[in-house]
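If you're wondering where the values come from, they're calculated on a predicted model, not measured in any experiment. Counting starts at 1 for both ligands and their atoms, in listed order.
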Amino acid sequence: MSVARASRPHEAAVGFPMPQQARRPRYGSRMTFDVITIFPDFFRSMLEYGLLKRAVACGQAGIRFHDLRDFTEDRHRTVDDRPFGGGPGMVFKPDPVFKAVAALDAGMPGQRLPVILLSPQGRLFTQAVAEELRHQDRLVLICGRYEGVDERIAEHLATDEISIGDYVLSGGELPAALIMESVVRLLPGVLGNEESASQDSFTTRQAGARESRHGLLDCPHYTRPAEFQGWRVPEVLISGNHEEIRRWRRQRALEKTWRRRPDLLAGFPLSEEDRQWLDILQREACEPVLQNDE
Ligand code: 9D3
């Protein structure tokens with residue numbers, strides 16, 4: 001299945017059921033993403049399934065892809081070149097990227113278009129950044145490749161630079177997809193349930209979003225059967241005692257967070273009851289078990 005074609009051939013667009021809306025800044029959707037990439041086809045499958053498909057279908061998100069090579073002017077559609085000063089690999093040339101953004105900017109007189117460069121040098125993407133980005137009605141995402149992009153793109157074109165974590169990928173496509181997924185699910189109406197604005201503000205309050213914390217790790221979940229290969233579901237969950245269940249879940253969440261991600265507890269608002277439980281854990285001299293070398 002292919003995505004719908006926009007009037008301009010370099011744009012593979014989805015989410016714009018009414019072509020006459022194509023020149024309005026918001027395109028009839030709450031948030032529009034413009035992704036600049038040399039691999040527009042990379043994104044195809046993720047728009048055919050699940051959350052992003054639903055967000056586009058219900059008009060909460062519009063996602064357009066722009067092939068960087070369409071903004072080159074040479075016969076070979078060259079997007080990269082060798083680095084000044086020597087060294088391995090290739091670097092994205094500035095000109096096609098500036099031209100691609102200029103083509104998008106043309107439709108937005110007066111306003112500064114938010115332009116995010118995905119790069120390993122960017123600020124770390126967290127739930128707090130997702131919460132920040134959801135308030136934009138338009139985002140341009142530039143996917144780098146090769147060894148990097150000409151620094152003038154970061155310095156004079158991008159308004160923001162984001163990394164998704166400290167591991168090496170071969171380009172910004174996966175990070176762009178990840179960012180769209182996490183931002184779109186925060187848009188009201190996308191999750192289907194009434195889990196929208198109110199649930200989000202709960203999450204924000206609970207998580208202290210300003211500190212880039214996203215809350216506690218989740219407690220364990222179980223479903224039927226009550227016994228599977230000899231392993232029984234914790235009795236308390238079958239007891240029907242809702243106050244006991246609530247306390248058990250809170251304690252398991254605190255315990256798992258304390259053992260695996262103690263860094264999350266630092267920015268988290270703890271109740272008196274929480275503190276008492278953490279004190280007990282500490283007194284039992286359970287050493288935190290770190291997953292990484294923190
Ligand atoms: C010469 C050193 N380079 C390779 C080890 C640096 C480098 C350049 C470009 C490493 C990766 C990339 C391509 N990655 C991205 O464009 C990227 C990325 C990532 O690799 N990790 C986490 N987040 C991101 S956002 C974009």
### Query
Can you say whether the rings of Phe65 and Phe43 are parallel (under 30°), tilted (30 to 60°) or perpendicular (over 60°)?
parallel
### Message
Salt bridge or not between Arg250 and Glu255? Use side-chain N to carboxylate O under 4.0 Å.
### Response
no
### Query
For atom CG of Asp74, is the number of surrounding heavy atoms from other residues, nucleotides or ligands below 6.0 Å larger than 12?
yes
### Carboxylate-amine/guanidinium contact Arg152 Glu155, below 4.0 Å
no
### Task
Would you mind checking if Asp137 and Arg30 are paired as a salt bridge, meaning a charged N to carboxylate O distance below 4.0 Å?
no
### Message
Here's a test for you: under side chain to side chain contact (heavy atoms under 4.5 Å, CB included), which of Asp70, Leu104, Leu141, Val115 qualifies with Ile36?
### Response
Leu104
## Note on the structure
By chain and number, the residues contacting ligand 1 below 4.0 angstrom (heavy atoms only) are Leu118, Ser119, Pro120, Tyr146, Glu147, Ile162, Ser163, Ile164, Gly165, Tyr167, Val168, Leu169, Ser170, Gly171, Gly172, Pro175
